[in-house]
Each structure stands twice: as C-alpha cells, then as structure tokens.
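One structure is given here, and the rest of the page talks about it.
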2 protein chains.
Amino acid sequence: MPTPDRTSLGEIVAAGRELLETEGLGGLTMQAVAARVGVRAPSLYKRVRNRAELVSLVAEATAGELGQRLDAAATGTPDAHARLLVLARTFRGYAHERPAAFSLLFTPGSELALDPDVLRRASASMLAVAVELSGPDHALDAARTLAAWANGFVSMELSGAFRLGGDIERAFEFGAHRLADALAAKPDFGN
Amino acid sequence: MPTPDRTSLGEIVAAGRELLETEGLGGLTMQAVAARVGVRAPSLYKRVRNRAELVSLVAEATAGELGQRLDAAATGTPDAHARLLVLARTFRGYAHERPAAFSLLFTPGSELALDPDVLRRASASMLAVAVELSGPDHALDAARTLAAWANGFVSMELSGAFRLGGDIERAFEFGAHRLADALAAKPDFGN
DNA sequence: ACCTGAACACCGTTCAAGT
DNA sequence: ACCTGAACACCGTTCAAGT
C-alpha cells in the first residue's frame with residue numbers, strides 16, 4: 001500500500017546544512033535531522049545510505065555554492081591581477097559567512113566522498129585566473145599555490161591560529177598582493 | 001587505603017597518539033585508550049577531565065614535536081632564502097609522517113585548547129625566517145602568508161583535493177620558490 | 001512503498017562501592 | 001587514593017511490523 005512521501009533528499013540535506021551551521025558537525029545527528037524534517041531517524045535511511053553520505057552531500061552543496069560565488073565574483077573583473085584579489089576576498093567572505101560548512105569542506109583527512117564534477121566547477125575560476133597570470137606552463141602549479149594559501153589562511157583564521165596580534169585583514173591583503181605579483185609569468189630560466 | 005598508580009598522564013597521551021595514527025580520530029575512544037594502558041575507561045577521568053581534553057593534549061604533543069623538527073631543520077641553514085625552503089619541506093615531511101595528527105592539529109574550527117607557549121615555540125622558526133626575509137615591518141604578514149600556504153597545501157594534499165593530475169611535488173617546490181621570492185623585502189612604496 | 005517502534009552495539013560520563 | 005562495575009543518556013543502524 002503506497003504512502004505519500006513525507007520528506008525528500010533535498011529537504012534532508014537542507015536540514016543537515018542548517019544544523020551544521022547552528023549546532024556544529026556534532027549536532028548534525030540523524031535524529032536531529034529527522035526531527036527537523038518531521039520524520040523518525042530510521043526513515044532517513046530510505047534516502048541516504050548512512051550519516052557519512054549525508055555529511056558528504058552537505059559538503060558537496062557547500063562546494064557548489066562556493067563555486068557559484070567565485071564564478072559570480074570573477075565575472076565582471078576582466079583584469080587578471082585584480083580578479084585574483086576579488087576571488088581571494090570572495091573565498092574568505094564565504095568562509096566567514098558559513099564557517100562550519102567551510103571547515104567541513106576543507107578539513108584535512110575527512111574522508112568526504114565528493115562529486116568530482118562539483119569540485120572541478122568549484123575550482124574553475126581559480127584555475128582560470130592562474131592560467132592568465134602565469135601562462136599555461138605553470139598554471140596548475142600557480143592555481144595550487146593560490147588555493148593552498150587562501151584555504152590555509154582562512155582555516156588558520158577560523159581555528160584561531162593567528163594569536164600574535166597584528167591586523168589579520170592586513171595580513172590577508174599582504175598575502176593576496178604578494179601572490180598576485182609572484183604568480184605572474186616570469187622569464188623562463190630553465191626550471 | 002592508597003593504591004599504587006597503574007598508569008600515568010604521559011602513558012595515556014602516548015596511547016592516544018598511537019590510536020589516532022592507527023585508527024583515526026574516531027578510534028581514539030576512552031575505552032580504547034584505557035585498554036591500551038591496562039585500565040578501565042572510568043579511571044582515565046582521574047588524569048583527564050574528559051575526552052576533549054585528552055584530544056587537546058594529543059594535539060599539543062603534535063605541535064611540540066613539529067616545532068622541534070622545524071627548529072632542528074632551521075639550525076644549520078644560515079641563508080634565509082634556503083632556510084624557507086628547508087622549513088617548508090620539513091613541515092610537509094612531518095605531515096606525511098603523521099597525517100592523522102597533522103589533520104587534527106590543523107582542522108579548522110576544531111575547538112582545541114592548546115597551550116599558547118607550545119604554539120609560540122612551534123611557529124618561532126617560521127616567524128624568524130620571515131623577519132629575515134621581509135624585514136620587521138612586514139614580518140608578521142609574511143610569516144602568516146608562509147604558514148597559510150604550507151598548511152593549506154599539505155591539508156589539500158592530505159584530503160586528496162589535488163585531483164587534476166600534474167606533479168604535486170613540483171607544485172610544492174614551485175610555491176615554495178615563488179613565496180621565498182615574493183616575501184623578500186621590497187622597496188616601500190607607501191603601503 | 002514509505003514510516004515506525006523496538007532492539008542492538010557502541011559511545012562518554014558519573015558515582016557508589018571496593019581495595 | 002586509585003580503580004571498578006553498574007548505570008544513564010545518547011549515538012548510528014537494522015529490521016520486522018504497520019499502513
């Protein structure tokens with residue numbers, strides 16, 4: 001005897017994202033998600049294999065949203081040097097807006113199962129600016145340098161690792177400007 | 001009626017570090033730690049307030065060890081430019097050696113309670129090389145740029161975020177060399 | 001075909017009782 | 001003074017039984 005669905009995968013993932021941001025990853029429990037969508041915990045297993053898969057879907061949604069923000073920011077800044085600065089600030093702004101989601105996405109060794117296509121789209125704008133700045137030969141190296149710095153800076157900032165005082169805003173701008181200069185194509189001396 | 005101690009805080013932290021590396025953070029349970037030191041779980045609460053404190057102590061031990069490695073590597077490389085490269089490679093080497101401990105230490109938003117003194121010592125060698133390279137005015141900014149890049153690079157590497165092929169070794173060396181150049185003091189144009 | 005209560009294994013943590 | 005079993009609240013997950 002078929003029954004009308006009382007929830008959906010989209011609703012479940014949305015509930016997971018809300019709980020992540022309000023209660024932290026520890027508060028993202030199957031029971032809390034179930035309560036939020038008006039169902040009992042065992043019912044979630046009809047849409048999701050287990051909690052790990054749900055957490056991965058939440059992270060994937062975050063990656064997609066971050067990628068859209070970066071794309072939107074890149075559009076309308078034709079100059080590559082200026083665009084790198086805009087991308088860096090947008091990346092950091094998103095992390096401040098959704099710190100828990102950002103932490104989840106960039107936690108090292110997290111065993112997340114993310115769709116490669118979503119990841120590709122999320123990093124496309126950074127790769128594009130790297131191609132323009134440093135030329136095709138070192139584009140991948142340059143993109144990885146940029147992504148590593150931005151990710152590392154915001155991760156350390158969010159975890160309170162910058163404890164020696166000073167102006168964090170200024171440190172970020174310093175890094176962004178120095179990187180934009182450093183990644184620009186240089187004459188090739190053979191390495 | 002006093003009883004001879006059957007374990008110690010040092011033994012407990014050591015057991016925690018072993019479990020972290022072999023079983024992951026999820027395998028670092030109070031019961032597993034207790035079993036490893038030959039005691040029952042409730043006894044651990046005589047030495048440690050709760051699991052969160054034990055995890056913080058494990059992370060702190062990691063920070064201390066990493067700092068020692070960096071100090072040892074810095075000693076004996078007087079040239080600042082070369083020393084930055086050595087420090088970066090040592091940092092990455094340690095992360096590869098103890099990936100789970102590294103991940104724990106640098107997980108953003110982890111709520112770890114770390115001794116500020118241990119953290120200061122762990123970052124001292126990076127700060128010193130930044131002072132030498134970029135002068136006192138921008139030393140803190142430069143150190144943060146360097147630490148952010150190194151941390152971000154290794155974090156992304158460990159979480160498998162570099163999925164576009166290419167030579168990761170080369171990307172690391174590229175970043176290290178470009179940063180060493182970029183952080184060197186430049187004439188001050190007023191910003 | 002979806003939803004549920006009951007059950008299981010496993011956590012962290014507390015505490016009275018042992019020695 | 002340390003250690004323990006028992007107990008509690010809370011997880012994730014499975015499954016037979018309901019509709």
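Throughout, protein chains are lettered first and strands after them, A, B, ... in sequence-line order, and every chain is numbered starting at 1. Note that these values count all heavy atoms, side chains included, but never hydrogens, waters or copies made by symmetry.
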Of all of residues 16-34 of chain A, which get a heavy atom below 4.0 angstrom from DNA chain D, listed by number? A/Thr29, A/Met30, A/Gln31
Is the backbone N or O of A/Ala52 less than 3.5 Å from a side-chain atom of A/Ser56, with the two atoms forming a donor-acceptor pair by type? yes
If you take the centroid of each ring, where Trp contributes its six-membered ring, are A/Phe91 and A/Trp149 closer together than 6.0 Å? no
Near A/Arg163 CZ, under 6.0 Å, is it more than 12 heavy atoms from other residues, nucleotides or ligands? yes
Main-chain N/O of A/Val58 paired to A/Thr62 side chain as donor or acceptor, under 3.5 Å: yes
Heavy atoms of other groups near A/Glu111 CD, more than 12 under 6.0 Å: no
Closest listed nucleotide, where the reference is the side chain of A/Ser43 and the choices are C/dC3, C/dT14, D/dC2: C/dC3
Identify each atom pair where a protein N or O and an N or O of nucleotides 5-8 of chain C are less than 3.5 Å apart, giving names and distance.
from	atom 1	to	atom 2	distance (Å)
C/dG5	OP2	A/Arg40	NE	3.1

Base-pairing string, 5' to 3', of DNA chain C - Watson-Crick or wobble, under 3.5 Å, | interstrand: ||.|||||...|||||.||
Please work out whether the ring planes of B/Phe153 and B/Phe172 are parallel, tilted or perpendicular, with thresholds of 30° and 60°. perpendicular
Per B/Ala41 side chain, nearest of listed nucleotides C/dT13, D/dT14, D/dC3: C/dT13
Side chain of A/Arg51, heavy atoms from C-beta onward: which of C/dC2, D/dG12, C/dC3 has the nearest atom to it? D/dG12
Nearest-nucleotide pick for B/Lys46, side chain only, options being D/dC3, D/dG12, C/dG12: D/dC3
For A/Glu132 and A/His81, does a side-chain donor sit closer than 3.5 Å to a side-chain acceptor? no
When you group the ILVMFWY residues by side-chain heavy-atom contacts below 4.5 Å and let the links chain together, are B/Val37 and B/Val48 in the same group? yes
Does a side-chain N or O from A/Arg6 land closer than 4.0 Å to OP1 or OP2 of C/dT4, or not? yes
Under 4.0 Å between any heavy atoms, over every strand shown, what does A/Ser8 touch: base, sugar-phosphate, or nothing? Just pick one. nothing
Looking at A/Arg47, I'd like to know whether one of its side-chain N or O atoms comes within less than 4.0 Å of OP1 or OP2 on C/dC3. yes
For a quick check under 3.5 Å, do A/Thr75 and A/Asp71 share a side-chain donor-acceptor pair by atom type? no
